[in-house]
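Remarks on the structure that follows.
This structure is a prediction, so every number in the text was calculated from the model and none was measured. Every number for a ligand or one of its atoms is a count from 1 in the order of the listing. All residue numbers in this chain count up from 1 along the given sequence. In what follows, every heavy atom counts, from backbone to side chain, and hydrogens, waters and symmetry copies are set aside.
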Amino acid sequence: MQQNSLWQAVLGEIELSVSHGNFVTWFKNTQLLQLTDETLVIGVVNVFMKQQLQVKYADLLLQTLQKNGVNPKTIEYKIVASQKSKPETEESLLVAAPAGGATRSATTSPAPTQTAPTRHGNSLSHSYRPGINERYTFDNFIVGASNELAFAACQAIAANPGTKYNPLFLYGGVGIGKTHLIQAAGNAFLANNPGAKVLYISTEQFVQEFVDALRFRKTAEFASYYRTADMLIVDDVQFIAGKDKMEEEFFHTFNALHQGNKQIIISSDRQPKDIPTIQDRLRSRFAWGMTIDMQIPDFETRVAILQTKASDHGVHLPMDVADHLASNVATNIRELEGALNQLLAFCEMRGLEPNLSIATSLLGVAKTRPKHLSAKQIIERTARHFQIPLEDILGPKRDKDIVVPRQVAMYMLRSELHLSFPKIARELGRKDHTTAIHSVEKIEKESQLDASLRTAISEIKERLYA
Ligand code: ADP
Ligand code: MG
């Protein structure tokens with residue numbers, strides 16, 4: 001079989017066994033670069049794609065290859081430039097500006113030539129803002145177990161609005177990607193239907209506009225503006241609760257759109273039944289379509305998000321730094337991004353490469369770390385993780401399966417407690433502090449290359465801070 005058609009066959013099968021989001025994120029842009037009896041070389045777009053394929057999809061890849069009659073001894077990955085920029089997406093990303101008629105273009109689109117403004121709907125004489133931000137796309141949304149379903153539903157809706165999941169109700173805590181995803185749905189829908197009237201509103205803004213409309217006696221205009229949308233995206237709907245007139249207005253808007261098979265997407269920080277004081281008739285409508293719970297992305301996904309965002313800035317983020325940020329900022333992607341931006345800005349101003357000690361000091365150890373963690377706990381936890389007796393890690397033995405855990409323990413004492421090297425040496429029963437320096441450096445370096453070592457470190461940390 002030709003290389004190319006072999007790879008198409010393999011991808012075709014994989015597409016059937018993983019979610020669409022994962023397929024697009026991890027497989028779609030791969031290519032088969034080389035195939036010999038010994039080795040298969042897969043071209044990937046970036047380092048976390050390589051990592052994800054190696055860590056998560058190694059078995060699936062090998063099995064699928066074997067099914068197609070290929071059984072390489074090793075699979076290698078090579079990072080090659082992305083080959084996916086299709087001109088049509090550039091064009092379709094052109095989104096009309098609200099009222100002025102000027103055209104904004106996506107940042108990814110170099111000097112667009114089609115500048116004919118695409119207008120939203122027909123009436124532009126109002127002052128309401130469509131509010132869609134083209135920065136939020138499916139392409140730059142990283143998919144993991146926590147958001148896979150939401151991602152798939154949003155994609156389905158963008159392709160087939162107003163049919164299956166209407167309304168789509170996404171809920172989950174702050175900063176976990178709800179706004180990103182529902183706006184991405186709007187952007188994708190617009191890309192397929194350039195003339196469509198897609199309205200995104202934060203509920204606070206919706207309420208404010210409604211109050212203004214009441215004041216200036218423009219409620220009819222307000223109503224007809226929203227009721228003629230092709231897609232209405234309402235963000236943080238919990239803020240509507242208890243505002244009776246607004247709920248009433250929204251109820252009618254909802255009905256008009258729903259009856260016209262226009263897609264409605266709603267986000268909230270909690271599920272419909274937990275929004276207090278909202279009218280029951282609205283609550284029950286929210287549950288008509290599909291309700292999906294979004295969680296904070298897991299550790300691996302957080303690392304992938306960091307890697308993407310750093311590479312968007314043209315910066316290479318060392319693995320230990322990404323791991324450190326991802327394990328310390330574990331509740332909220334917005335905060336995670338904030339921590340990354342702070343680190344990148346700090347390094348850029350000083351002409352430094354991001355490294356673990358800068359990341360640790362910027363994150364403010366005290367903020368996230370319980371104070372009571374002791375050197376002893378770290379050493380014990382490390383020994384237990386590697387299943388060796390405590391007296392061995394502290395003792396004189398020099399076997400490899402004792403030395404590596406000991407070095408990891410030293411590394412952890414440095415990264416978690418910032419102990420001095422002489423103190424680290426003493427904690428592990430060593431006389432010479434250069435051993436500690438050497439060990440910490442060695443683990444720092446090796447954890448960049450060795451995924452299983454990184455996993456060990458983050459598992460130990462997770463236990464320590466659990
Ligand atoms: P929410 O609306 O749930 O409070 P946002 O959608 O505003 O959260 O997300 C906060 C930030 O985190 C945004 O900048 C968003 O782009 C980013 N983000 C969240 N989840 C992801 C993800 N899975 N991949 C890429 N970026 C993400
Ligand atoms: Mg939001």
Output, in order, the C-alpha distance, side-chain angles, deciding distance and verdict of ring pair (Phe, Tyr, Trp, His ring centres under 6.0 Å) for F27 and Y57.
-> CA-CA 10 Å; F27 292 97; Y57 294 109; 5.0 Å; yes

Begin with the C-alpha distance, continue with both residues' side-chain angles, and end with the deciding distance and a verdict on side chain to side chain donor-acceptor pair (under 3.5 Å) for Q208 and E204.
-> CA-CA 6 Å; Q208 186 55 49; E204 280 166 307; over 6 Å; no

Give the C-alpha distance, both sets of side-chain angles, the deciding distance and a yes or no for side chain to side chain donor-acceptor pair (under 3.5 Å) between T179 and D235.
-> CA-CA 7 Å; T179 298; D235 207 355; 2.6 Å; yes

After noting the C-alpha distance and the side-chain angles of I182 and L170, does the key distance pass the side chain to side chain contact (heavy atoms under 4.5 Å, CB included) rule?
-> CA-CA 9 Å; I182 60 184; L170 291 187; 3.7 Å; yes

Under the salt bridge (Lys or Arg N to Asp or Glu O under 4.0 Å) criterion, do D230 and K197 qualify, and how do the steps go?
-> CA-CA 5 Å; D230 295 309; K197 182 171 173 184; over 6 Å; no

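Note: an N/O pair closer than 3.5 Å links H180 and ligand 1 by distance alone. Residue V143 has no nitrogen or oxygen atom sitting less than 3.5 Å from a nitrogen or oxygen atom of ligand 1, judged on distance alone. When only interatomic distances are considered, the shortest N/O to N/O separation between I176 and ligand 1 falls below 3.5 Å. The shortest N/O to N/O separation between F141 and ligand 1 does not fall below 3.5 Å.
In this structure, R227 is not positioned above the aromatic face of Y225 in the sense of NZ or CZ being under 6.0 Å from the six-membered ring centre and within 45° of the axis.
No side-chain donor-acceptor contact under 3.5 Å links N147 to the backbone of G177. Judged purely by atom type and a 3.5 angstrom limit, S458 uses its side chain to pair as donor or acceptor with the backbone of R454.
Heavy atoms of K309 approach ligand 1 to within less than 4.0 angstrom. Residue M294 places every heavy atom at 4.0 Å or more from ligand 1. Distances shorter than 4.0 angstrom do not occur between any heavy atom of P297 and any atom of ligand 1.
The heavy atom nearest to atom 17 (C) of ligand 1, out of those in I333, N332, N140, is found in I333.
Taking each heavy atom of R270 and Y171 in turn, the nearest pair found is O-CB, 3.4 Å. Closest of all the heavy-atom pairs between F23 and L11 is CE1-O, 3.4 Å. Listed here is the closest heavy atom pair of L344 and A310: CD1-CA, 4.4 Å.
Scanning the protein heavy atoms around atom 4 (O) of ligand 1, the nearest turns out to be G175 N, 2.6 Å. The closest protein non-hydrogen atom to atom 14 (O) of ligand 1 is E337 OE1, 2.5 Å. Counting only heavy atoms of the protein, atom 8 (O) of ligand 1 lies nearest to G177 N, 3.0 Å. In this structure, atom 7 (O) of ligand 1 lies nearest to the protein heavy atom R334 NH2, 3.0 Å. The nearest protein atom to atom 24 (N) of ligand 1, hydrogens excluded, is given as I142 N, 2.8 Å; this is a heavy-atom distance.
Residues forming a ring-ring contact (aromatic ring centres under 6.0 Å, His included) with F189 (at least two apart in sequence, or on another chain): none.
Interface of N147 with ligand 1, defined as ligand atoms under 4.0 Å from a residue heavy atom, comprises 23 (N). Taking every heavy atom of R135 and a limit of under 4.0 angstrom, the matching atoms of ligand 1 come to 14 (O). Within ligand 1, the atoms closer than 4.0 Å to a non-hydrogen atom of T179 are 1 (P), 2 (O), 6 (O), 7 (O), numbered from 1 in the order shown. Using a 4.0 Å cut-off to heavy atoms of V174, the atoms of ligand 1 that qualify are 4 (O). Which parts of ligand 1 touch Y136 is read off a 4.0 Å heavy-atom cut-off, strictly below it: atoms 16 (O).
Around the Mg ion (ligand 2), the protein atoms of type N, O or S found under 2.8 Å away are T179 OG1, listed by chain and number.
Counting only residues at least two apart or on different chains, the ring-ring contact (aromatic ring centres under 6.0 Å, His included) pairs with a member in residues 231-251 are F206-F250. The list of salt bridge (Lys or Arg N to Asp or Glu O under 4.0 Å) pairs with a residue in residues 280-297, not counting sequence neighbours, reads E248-R281, D280-R283.
Ring geometry for F138 versus F151: interplanar angle over 60°, hence perpendicular rather than tilted (30 to 60°).
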